[in-house]
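Input: a single structure, listed below in C-alpha coordinates.
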2 protein chains.
Amino acid sequence: MTPREAAACCRPVDGMLDPAMFRALGDATRVAIVACLVKCGREASVTEVAECCLVDLSVVSRHLALLARAGILESRREGRTVHYRVRYGHLCDQLRRLADAIEQCCPPGEATGASS
Amino acid sequence: MTPREAAACCRPVDGMLDPAMFRALGDATRVAIVACLVKCGREASVTEVAECCLVDLSVVSRHLALLARAGILESRREGRTVHYRVRYGHLCDQLRRLADAIEQCCPPGEATGASS
DNA sequence: ACAATACTTGCATCGTGACGCAACCGTGCA
DNA sequence: TGCACGGTTGCGTCACGATGCAAGTATTGT
(Lines give C-alpha, C1' and ligand atoms only; values in the text may rest on other atoms or scores of the structure.)
Protein backbone atom coordinates (compact mmCIF):
# COMPACT_ATOMS: atom_id res chain seq x y z
CA MET A 1 0.00 0.00 0.00
CA THR A 2 1.43 3.35 -1.04
CA PRO A 3 1.14 6.36 1.27
CA ARG A 4 -1.24 7.89 -1.24
CA GLU A 5 -3.53 4.90 -1.03
CA ALA A 6 -3.17 4.84 2.75
CA ALA A 7 -4.24 8.47 3.00
CA ALA A 8 -7.45 7.69 1.13
CA CYS A 9 -8.17 4.61 3.20
CA CYS A 10 -10.22 5.22 6.32
CA ARG A 11 -9.07 3.78 9.64
CA PRO A 12 -10.03 4.33 13.29
CA VAL A 13 -6.91 6.43 13.76
CA ASP A 14 -8.36 9.14 11.50
CA GLY A 15 -10.94 10.24 14.01
CA MET A 16 -8.58 10.03 16.96
CA LEU A 17 -5.85 12.34 15.70
CA ASP A 18 -7.52 15.61 16.54
CA PRO A 19 -5.09 18.51 16.03
CA ALA A 20 -7.14 20.75 18.33
CA MET A 21 -6.57 18.54 21.33
CA PHE A 22 -2.85 18.31 20.71
CA ARG A 23 -2.54 21.98 19.97
CA ALA A 24 -4.14 22.65 23.34
CA LEU A 25 -1.37 20.62 24.99
CA GLY A 26 1.33 22.11 22.79
CA ASP A 27 1.83 25.25 24.84
CA ALA A 28 4.12 25.39 27.88
CA THR A 29 1.80 27.58 29.94
CA ARG A 30 -1.21 25.39 29.24
CA VAL A 31 0.74 22.24 30.02
CA ALA A 32 1.72 23.77 33.33
CA ILE A 33 -1.91 24.56 34.04
CA VAL A 34 -3.04 21.06 33.15
CA ALA A 35 -0.25 19.46 35.19
CA CYS A 36 -1.21 21.67 38.11
CA LEU A 37 -4.87 20.68 37.93
CA VAL A 38 -4.08 17.01 37.36
CA LYS A 39 -1.82 16.86 40.41
CA CYS A 40 -4.25 18.94 42.42
CA GLY A 41 -6.85 16.23 42.05
CA ARG A 42 -9.74 18.61 42.61
CA GLU A 43 -11.40 21.50 40.86
CA ALA A 44 -9.91 24.97 41.19
CA SER A 45 -10.98 28.52 40.47
CA VAL A 46 -9.36 30.72 37.84
CA THR A 47 -7.73 32.79 40.55
CA GLU A 48 -6.29 29.70 42.24
CA VAL A 49 -4.86 28.41 38.99
CA ALA A 50 -3.42 31.82 38.18
CA GLU A 51 -1.45 31.66 41.44
CA CYS A 52 0.61 28.83 39.94
CA CYS A 53 1.40 30.76 36.77
CA LEU A 54 3.66 33.64 35.94
CA VAL A 55 1.27 35.06 33.39
CA ASP A 56 -1.60 37.46 33.83
CA LEU A 57 -4.92 36.22 35.15
CA SER A 58 -6.64 37.16 31.91
CA VAL A 59 -4.25 34.89 30.06
CA VAL A 60 -5.00 32.03 32.44
CA SER A 61 -8.71 32.60 31.92
CA ARG A 62 -8.27 32.30 28.16
CA HIS A 63 -6.10 29.19 28.49
CA LEU A 64 -8.64 27.50 30.74
CA ALA A 65 -11.47 28.28 28.33
CA LEU A 66 -9.42 26.88 25.45
CA LEU A 67 -8.61 23.69 27.37
CA ALA A 68 -12.29 23.26 28.16
CA ARG A 69 -13.19 23.70 24.48
CA ALA A 70 -10.59 21.05 23.65
CA GLY A 71 -12.33 18.63 26.00
CA ILE A 72 -9.46 18.43 28.46
CA LEU A 73 -11.12 20.41 31.24
CA GLU A 74 -14.69 21.16 32.22
CA SER A 75 -16.04 24.17 34.03
CA ARG A 76 -18.66 24.72 36.67
CA ARG A 77 -20.00 28.07 37.71
CA GLU A 78 -20.77 28.80 41.34
CA GLY A 79 -21.84 32.35 41.93
CA ARG A 80 -19.15 34.60 40.56
CA THR A 81 -16.54 31.88 40.78
CA VAL A 82 -15.78 29.49 37.92
CA HIS A 83 -14.27 26.14 38.82
CA TYR A 84 -12.24 24.12 36.35
CA ARG A 85 -11.46 20.44 36.70
CA VAL A 86 -9.69 17.80 34.66
CA ARG A 87 -11.84 15.41 32.66
CA TYR A 88 -9.75 12.47 33.80
CA GLY A 89 -11.95 9.83 32.24
CA HIS A 90 -12.30 11.47 28.87
CA LEU A 91 -8.65 12.46 28.64
CA CYS A 92 -7.21 9.05 29.54
CA ASP A 93 -9.73 7.39 27.29
CA GLN A 94 -8.73 9.51 24.33
CA LEU A 95 -5.06 8.77 24.85
CA ARG A 96 -5.56 5.03 25.21
CA ARG A 97 -7.96 4.78 22.31
CA LEU A 98 -5.50 6.66 20.13
CA ALA A 99 -2.73 4.27 21.15
CA ASP A 100 -5.00 1.33 20.31
CA ALA A 101 -5.93 2.80 16.93
CA ILE A 102 -2.30 3.41 16.04
CA GLU A 103 -1.27 -0.03 17.18
CA GLN A 104 -3.97 -1.55 15.04
CA CYS A 105 -2.08 -0.33 11.96
CA CYS A 106 1.28 -1.54 13.21
CA PRO A 107 2.57 -4.36 11.03
CA PRO A 108 3.52 -7.60 12.78
CA GLY A 109 7.12 -7.79 13.85
CA GLU A 110 7.26 -4.31 15.33
CA ALA A 111 7.14 -4.30 19.09
CA THR A 112 4.57 -1.94 20.57
CA GLY A 113 4.94 -2.88 24.18
CA ALA A 114 1.56 -4.67 24.19
CA SER A 115 1.06 -8.29 23.24
CA SER A 116 -2.36 -7.93 21.58
CA MET B 1 -4.06 20.57 48.32
CA THR B 2 -4.18 23.94 46.60
CA PRO B 3 -3.19 24.27 42.95
CA ARG B 4 -0.15 26.22 44.07
CA GLU B 5 0.99 23.36 46.26
CA ALA B 6 0.16 20.87 43.52
CA ALA B 7 2.32 22.76 41.03
CA ALA B 8 5.31 22.48 43.38
CA CYS B 9 4.71 18.81 44.05
CA CYS B 10 6.45 16.42 41.67
CA ARG B 11 4.50 13.58 40.07
CA PRO B 12 5.15 11.17 37.19
CA VAL B 13 2.85 13.23 34.99
CA ASP B 14 5.37 16.09 35.00
CA GLY B 15 7.83 14.26 32.80
CA MET B 16 5.18 12.88 30.47
CA LEU B 17 3.55 16.15 29.45
CA ASP B 18 6.08 17.19 26.85
CA PRO B 19 4.81 20.23 24.91
CA ALA B 20 7.18 19.45 22.01
CA MET B 21 5.51 16.13 21.26
CA PHE B 22 2.03 17.64 21.37
CA ARG B 23 3.05 20.63 19.35
CA ALA B 24 4.29 18.24 16.68
CA LEU B 25 0.82 16.69 16.52
CA GLY B 26 -0.92 20.03 16.75
CA ASP B 27 -0.70 20.89 13.06
CA ALA B 28 -3.21 19.67 10.50
CA THR B 29 -0.63 18.97 7.81
CA ARG B 30 1.60 17.01 10.18
CA VAL B 31 -1.35 15.04 11.52
CA ALA B 32 -2.26 14.13 7.94
CA ILE B 33 1.31 12.98 7.36
CA VAL B 34 1.36 10.90 10.52
CA ALA B 35 -2.06 9.38 9.78
CA CYS B 36 -0.87 8.55 6.29
CA LEU B 37 2.26 6.82 7.55
CA VAL B 38 0.43 5.04 10.36
CA LYS B 39 -2.16 3.63 7.98
CA CYS B 40 0.49 2.84 5.41
CA GLY B 41 2.11 0.44 7.83
CA ARG B 42 5.49 0.69 6.17
CA GLU B 43 8.23 3.24 5.69
CA ALA B 44 7.90 5.78 2.90
CA SER B 45 10.15 8.24 1.12
CA VAL B 46 9.72 12.01 1.34
CA THR B 47 8.47 12.09 -2.24
CA GLU B 48 5.89 9.39 -1.54
CA VAL B 49 4.60 11.21 1.53
CA ALA B 50 4.47 14.48 -0.39
CA GLU B 51 2.10 12.84 -2.89
CA CYS B 52 -0.52 12.66 -0.13
CA CYS B 53 -0.18 16.34 0.76
CA LEU B 54 -1.25 19.55 -0.88
CA VAL B 55 1.82 21.42 0.31
CA ASP B 56 5.22 21.75 -1.28
CA LEU B 57 7.73 18.93 -0.97
CA SER B 58 10.11 21.17 0.95
CA VAL B 59 7.39 21.72 3.53
CA VAL B 60 6.83 17.97 3.84
CA SER B 61 10.56 17.48 4.30
CA ARG B 62 10.57 19.96 7.16
CA HIS B 63 7.50 18.41 8.76
CA LEU B 64 9.01 14.94 8.59
CA ALA B 65 12.25 16.14 10.16
CA LEU B 66 10.29 17.84 12.95
CA LEU B 67 8.24 14.71 13.61
CA ALA B 68 11.43 12.68 13.79
CA ARG B 69 12.94 15.16 16.27
CA ALA B 70 9.78 14.84 18.35
CA GLY B 71 10.29 11.08 18.51
CA ILE B 72 7.19 10.23 16.50
CA LEU B 73 9.00 9.11 13.36
CA GLU B 74 12.43 7.76 12.57
CA SER B 75 14.42 8.06 9.38
CA ARG B 76 16.66 5.77 7.40
CA ARG B 77 18.82 6.83 4.53
CA GLU B 78 19.26 4.59 1.48
CA GLY B 79 21.32 6.15 -1.25
CA ARG B 80 19.75 9.46 -2.08
CA THR B 81 16.39 8.41 -0.70
CA VAL B 82 15.32 9.05 2.90
CA HIS B 83 12.71 6.72 4.35
CA TYR B 84 10.51 7.73 7.27
CA ARG B 85 8.55 5.33 9.42
CA VAL B 86 6.33 5.55 12.47
CA ARG B 87 7.83 4.62 15.83
CA TYR B 88 4.78 2.61 16.74
CA GLY B 89 6.20 1.22 19.95
CA HIS B 90 7.53 4.47 21.31
CA LEU B 91 4.47 6.47 20.34
CA CYS B 92 1.90 4.09 21.82
CA ASP B 93 4.03 3.70 24.91
CA GLN B 94 4.18 7.44 25.47
CA LEU B 95 0.42 7.81 25.11
CA ARG B 96 -0.36 4.94 27.47
CA ARG B 97 2.19 5.99 30.06
CA LEU B 98 0.78 9.50 30.01
CA ALA B 99 -2.73 8.11 30.53
CA ASP B 100 -1.44 6.04 33.44
CA ALA B 101 0.34 9.00 35.01
CA ILE B 102 -2.76 11.20 34.75
CA GLU B 103 -4.97 8.47 36.10
CA GLN B 104 -2.67 8.08 39.06
CA CYS B 105 -3.66 11.57 40.19
CA CYS B 106 -7.37 10.98 39.65
CA PRO B 107 -9.22 11.04 42.96
CA PRO B 108 -11.38 8.01 43.76
CA GLY B 109 -14.95 8.32 42.61
CA GLU B 110 -14.13 9.65 39.15
CA ALA B 111 -14.45 7.03 36.48
CA THR B 112 -11.47 6.76 34.16
CA GLY B 113 -12.51 3.72 32.22
CA ALA B 114 -9.92 1.52 33.94
CA SER B 115 -10.40 -0.30 37.19
CA SER B 116 -6.84 -0.02 38.52
C1' DA C 1 -27.82 51.78 45.04
C1' DC C 2 -22.91 51.25 45.54
C1' DA C 3 -18.78 48.91 45.91
C1' DA C 4 -16.04 44.92 45.77
C1' DT C 5 -14.99 40.44 43.87
C1' DA C 6 -14.25 37.07 40.05
C1' DC C 7 -13.85 36.57 35.66
C1' DT C 8 -14.14 37.78 30.54
C1' DT C 9 -13.24 40.39 26.47
C1' DG C 10 -11.29 44.14 23.30
C1' DC C 11 -7.17 45.70 21.65
C1' DA C 12 -2.31 46.38 20.49
C1' DT C 13 2.20 44.21 20.38
C1' DC C 14 5.33 40.73 19.48
C1' DG C 15 7.20 36.30 18.46
C1' DT C 16 6.76 31.99 16.28
C1' DG C 17 5.54 28.87 12.80
C1' DA C 18 3.68 27.38 8.17
C1' DC C 19 4.34 28.06 3.48
C1' DG C 20 6.41 28.58 -1.38
C1' DC C 21 10.18 29.45 -4.17
C1' DA C 22 14.79 29.14 -5.33
C1' DA C 23 19.30 27.70 -4.49
C1' DC C 24 22.04 24.26 -2.65
C1' DC C 25 23.98 19.49 -1.28
C1' DG C 26 24.65 14.47 -1.82
C1' DT C 27 24.11 10.32 -4.44
C1' DG C 28 23.86 7.47 -8.59
C1' DC C 29 24.35 6.89 -13.47
C1' DA C 30 26.04 7.56 -18.29
C1' DT D 1 33.05 14.76 -15.62
C1' DG D 2 28.54 16.06 -16.41
C1' DC D 3 23.78 15.45 -15.42
C1' DA D 4 19.55 13.88 -13.29
C1' DC D 5 17.24 12.74 -9.10
C1' DG D 6 15.89 13.10 -4.08
C1' DG D 7 16.09 16.05 -0.17
C1' DT D 8 17.46 19.95 2.56
C1' DT D 9 18.09 24.74 3.62
C1' DG D 10 17.88 30.00 3.18
C1' DC D 11 14.83 33.59 2.79
C1' DG D 12 10.77 36.47 2.50
C1' DT D 13 5.81 36.58 3.40
C1' DC D 14 1.86 35.89 5.97
C1' DA D 15 -1.24 34.39 9.51
C1' DC D 16 -2.06 32.99 13.99
C1' DG D 17 -1.38 32.71 18.79
C1' DA D 18 0.53 34.21 23.43
C1' DT D 19 0.75 38.06 26.33
C1' DG D 20 -0.46 42.36 29.12
C1' DC D 21 -3.27 46.11 30.02
C1' DA D 22 -7.53 48.22 30.32
C1' DA D 23 -12.35 48.14 30.11
C1' DG D 24 -16.50 45.55 30.59
C1' DT D 25 -19.85 42.01 32.70
C1' DA D 26 -21.91 39.34 36.32
C1' DT D 27 -22.62 38.29 41.04
C1' DT D 28 -22.28 39.12 45.96
C1' DG D 29 -22.27 41.92 50.08
C1' DT D 30 -23.13 46.35 52.62
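We name chains A, B, ... by the order of the sequence lines, and we start the count at 1 in each one. What you see is a predicted model; the values in this text were computed from it and never measured.
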Supply the atom-to-atom distance Cys36(B) SG to Met1(A) CE, rounded to the nearest 0.5 angstrom. 9.0 Å
Quick one, which residues of residues 19-38 of chain B touch DNA chain C with a heavy atom under 4.0 Å? Asp27(B), Thr29(B), Arg30(B)
Under the salt bridge (Lys or Arg N to Asp or Glu O under 4.0 Å) definition, can you give me all pairs with a residue in residues 41-59 of chain B, not counting sequence neighbours? Arg42(B)-Glu48(B), Glu43(B)-Arg76(B)
With a 4.0 angstrom cut-off to heavy atoms of chain B, pull out the first and last contacting nucleotide of DNA chain D, in 5'-to-3' order. dA4(D) to dC11(D)
Scan for salt bridge (Lys or Arg N to Asp or Glu O under 4.0 Å) pairs involving residues 59-69 of chain B, sequence neighbours excluded, and state none if there are none. none
The residue, Leu64(B) or Leu66(A), whose nearest nucleotide of DNA chain D is more 5′ is Leu64(B)
Point-to-point distance, once rounded to the nearest 0.5 Å, from CG of Asp93(A) to OH of Tyr88(A): 15.5 Å
Report the residues that fulfil side-chain hydrogen bond (donor to acceptor under 3.5 Å, both in side chains) with Arg85(B), sequence neighbours left out, ordered by chain and then residue number. Glu110(A), Glu74(B)
From CD1 (Ile72(A)) to CG (Leu91(A)), nearest 0.5 Å: 6.0 Å
Going by the rule side-chain hydrogen bond (donor to acceptor under 3.5 Å, both in side chains), which residues pair with His83(B) if we only count those two or more places apart in sequence or in a different chain? Glu78(B)
Side-chain donor-acceptor pairs under 3.5 Å in residues 5-18 of chain B, sequence neighbours left out?
| unit_1 | atom_1 | unit_2 | atom_2 | d |
| --- | --- | --- | --- | --- |
| Glu5(B) | OE1 | Thr2(B) | N | 3.1 |
| Asp14(B) | OD1 | Lys39(A) | NZ | 2.8 |
| Asp14(B) | OD2 | Lys39(A) | NZ | 3.2 |
| Asp14(B) | OD2 | Arg11(B) | N | 2.7 |
| Asp18(B) | OD1 | Ala20(B) | N | 3.2 |

On a heavy-atom basis, the closest approach of Ala44(A) and Leu37(A) is CB-CD2, 3.8 Å
According to a hydrophobic-cluster definition based on side-chain heavy atoms being under 4.5 Å apart (Ile, Leu, Val, Met, Phe, Trp, Tyr only), do Ile33(A) and Leu57(A) belong together? yes
Can you sort out which residues in residues 77-86 of chain B have a heavy atom within less than 4.0 Å of DNA chain D? Ascending by number, please. Arg80(B), Thr81(B), Val82(B), Tyr84(B)
At a heavy-atom distance below 4.0 Å, what parts of residues 39-53 of chain B sit against DNA chain C? none
In this structure, CZ of Arg4(B) is separated from SG of Cys53(A) (nearest 0.5 Å) by 10.0 Å
By the side-chain hydrogen bond (donor to acceptor under 3.5 Å, both in side chains) test, which pairs, at least two apart or in different chains, include something from residues 25-38 of chain B? Arg30(B)-His63(B)
What's the shortest heavy-atom distance between Leu98(A) and Phe22(A), and which atoms? CD2-CZ, 3.4 Å
Dump every N/O contact between nucleotides 20-22 of chain C and the protein below 3.5 Å, one line per pair.
| unit_1 | atom_1 | unit_2 | atom_2 | d |
| --- | --- | --- | --- | --- |
| dG20(C) | OP2 | Asp56(B) | N | 2.6 |
| dG20(C) | O6 | Arg62(B) | NH2 | 2.7 |
| dC21(C) | N4 | Ser58(B) | OG | 3.0 |

Pairing residues for Ala32(B) by the side-chain contact (heavy atoms from CB on, under 4.5 Å) criterion, not counting sequence neighbours: none
Same apolar cluster: Val55(A) and Val49(A), side chain cutoff 4.5 Å: yes
